[in-house]
Amino acid sequence: MSPYILAKHISAHKGEEVTLKGWVYNIRKSGKIWFLIFRDGTEFIQCVVLKNEVPEAVFEMKGTLTQESSIAVSGIVQEAPRQEAGYELLVKNIEIYHIAEDYPIALKDHGVEFLLDKRHLWLRSRGPYAILKIRAEIEQACRDFFNERDFTLVDSPMFTPNAAEGSTTLFETQYFERKAYLTQSGQLYSEAAIMAHNRTYCFGPCFRAEKSKTRRHLTEFWMVEPEMAFFDIHDDMDLAEEFVEYLVHRALKNCRRELQILERDISKLESVKRPFPRISYDEALAILHKKGFDLQFGEDLGAPHETAISEDFDQPVMIWRWPAASKAFYMKRDPEDERYVLGVDVIAPEGHGEIIGGSQREEDIKVLLERIEKEQLPKEDFEWFLDLRRYGSVPHSGFGLGLERTVGWICGTHHIRECIPWPRTMVRLKP
RNA sequence: UCCGGAGUGGCUCAAUGGCAGAGCGGGUGGCUGUUAACCACUAGGUUGUAGGUUCGAAUCCUAUCUCCGGAGCCA
């Protein structure tokens with residue numbers, strides 16, 4: 001048999017006979033010619049089977065091969081400009097590993113529930129395939145970005161002992177003889193890690209028991225969270241901006257084929273360039289009032305507000321300097337005006353919503369204690385965190401980027417459940 | 001939890017008070033350049049569930065279950 005290659009390398013073998021191993025994606029039959037659309041997980045290749053080019057038994061496979069049957073197919077690599085891959089295979093021989101039973105997923109429209117029930121098979125389809133390729137590239141890009149900038153990866157635990165921020169959104173689990181909770185964020189642990197490593201990031205799943213049923217929510221999602229000693233809010237925003245630009249450019253550089261499969265309008269991504277617009281919460285309010293929204297000072301922005309603001313810009317928008325009342329206890333008060341905290345949200349264009357939330361952290365133990373008391377948080381659970389303000393406290397900042405929302409924006413997907421291999425939502429725990 | 005929408009063949013949908021239908025997928029046959037190929041034939045139904053109104057219910061009413069979209073919350 002001719003040499004076995006991956007389909008993505010087919011262009012390097014023009015005119016040669018090669019063997020591909022993979023699955024039947026589709027078959028188009030005619031009388032004395034048939035076309036086998038083949039995939040091996042690296043590319044989709046059309047294979048042409050001509051009656052006078054193959055043994056009789058191979059030609060007759062047009063009647064036995066079914067969608068998703070596994071095969072080894074050998075043939076001559078030919079240029080085919082009309083093919084997406086640019087090349088096709090003139091078949092010489094086919095060996096069958098397994099004839100698939102009737103495959104449930106047709107190359108036609110299906111409902112969301114059906115496809116999610118069949119997620120273990122749906123992964124093979126072109127759309128999910130391309131999205132997960134891009135997700136993998138973005139994950140790698142996150143690691144590369146921080147590793148190239150003197151950050152140390154310090155992962156945070158999934159099990160946490162207490163109900164730190166609002167217990168209603170925490171998943172509770174049995175931990176031997178007591179209760180534990182699944183982490184919502186690694187931030188507090190990262191604040192400890194930077195005192196050892198100066199700049200760190202953590203990257204892993206987060207769990208939130210929010211009863212949200214929208215296209216922007218999962219109960220299990222991935223977040224990358226950098227934390228930096230000696231960064232103020234402006235340094236924090238500079239880094240967030242550079243990071244988002246880097247991720248988009250990496251996808252454009254290394255995922256052209258996948259973006260093409262998804263029919264993504266890449267001109268919208270190509271125009272993403274620093275500096276991003278930075279507006280304060282007050283300016284955001286003014287824009288919203290001009291657009292007819294009735295929003296009082298102190299109210300947090302909802303999804304419709306975010307979308308309305310992002311409409312005015314073709315870049316991600318950074319909204320900073322938020323009312324203190326609407327934000328978490330650990331955010332630093334604006335020294336110029338106590339009513340505000342030095343937090344920032346980054347809103348993706350095209351209505352994809354908030355992809356980053358970050359802030360300068362409060363380093364003064366007195367202010368932290370006041371806020372813990374005011375919000376009636378269990379002080380004893382934060383003793384270890386308060387230690388960080390007792391032993392060499394420094395100004396510091398950080399942010400968290402939601403992986404699925406970012407991938408959803410870059411891929412232009414309607415719902416972020418398509419941006420994670422095995423989505424977990426309020427109503428879905430399988431497969 | 002609240003608001004809105006939808007449940008009909010394996011899948012996607014049509015039928016709005018009067019004979020449950022189409023496309024895809026399956027099966028059979030045809031076709032030498034197809035692009036979610038095409039053409040012909042064919043099998044496949046207790047209309048989510050329970051009750052009610054009616055001569056007659058997929059269709060109207062009540063209850064209930066499931067899913068989808070959105071709000072709040074957030075990445």
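Numbered from 1 within each chain, the chains take letters A, B, ... in sequence-line order.
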Donor-acceptor pair under 3.5 Å: do we get one between A:Arg428's side chain and the base of B:C67? no

Mark yes when over 12 heavy atoms from residues, nucleotides or ligands other than A:Glu148 sit less than 6.0 Å from its CD; otherwise mark no. yes

Polar pair under 3.5 Å, donor/acceptor by atom type, side chain A:Thr214, base B:G69: no

Of the nucleotides B:G26, B:U34, B:U12, which one has an atom closest to the side chain of A:Asp102? B:G26

Most 5' of A:Tyr103 and A:Val346 on RNA chain B, judged by nearest nucleotide: A:Tyr103

Between A:Arg216 and B:A71, is there a contact of a side-chain N or O with OP1 or OP2 at under 4.0 Å? yes

Students often get this wrong, so: under 4.0 angstrom with heavy atoms, is A:Gly402 touching a base, only sugar-phosphate, or nothing? sugar-phosphate

Taking only the P atom of each, what is the distance from B:U12 to B:U32 in whole angstrom? 35 Å

For A:Leu403, answer base if it contacts any base atom (sugar-phosphate contacts may also be present), sugar-phosphate if it contacts only those atoms, and nothing otherwise; contact means non-hydrogen atoms under 4.0 Å. nothing

Could you tell me how far B:U8 sits from B:A57 if I compare only their C1' atoms? Round to whole Å. 14 Å

Could you give the distance separating B:G52 and B:G25 at their P atoms, to the nearest angstrom? 43 Å

Check RNA chain B for consecutive Watson-Crick or G-U pairs with both distances under 3.5 Å and list the runs of at least three as stems. B:1-7 with B:65-71, B:10-13 with B:21-24, B:26-30 with B:38-42, B:48-52 with B:60-64

Would you classify A:His415 as touching base, sugar-phosphate or nothing, given that sugar-phosphate means primed atoms plus P, OP1 and OP2, and contacts are heavy atoms under 4.0 Å? sugar-phosphate

Across all chains, not counting sequence neighbours, the salt bridge (charged side-chain N to carboxylate O under 4.0 Å, His left out) partners of A:Lys92 are A:Glu53

Distance between the P atoms of B:U42 and B:G23, in whole angstroms? 12 Å

With a centroid cutoff of 5.5 Å and a plane-angle limit of 30°, would you call A:Phe221 stacked on B:A75? yes

Strictly distance-based, threshold 3.5 Å: is any side-chain N or O of A:Lys133 a donor or acceptor partner for the main-chain N or O of A:Cys255? no

Identify whether any heavy atom of A:Arg417 sits under 4.0 Å from a base atom; if not, whether one sits that close to sugar-phosphate; answer base, sugar-phosphate or nothing. sugar-phosphate

Sticking with atom C1', work out how far B:A58 lies from B:A14, rounded to a whole angstrom. 11 Å

Separation of the P atoms in B:G4 and B:U64, to the nearest angstrom: 15 Å

Test of understanding: with salt bridge (charged side-chain N to carboxylate O under 4.0 Å, His left out), list the residues that count as partners of A:Lys51, not counting sequence neighbours. A:Glu56

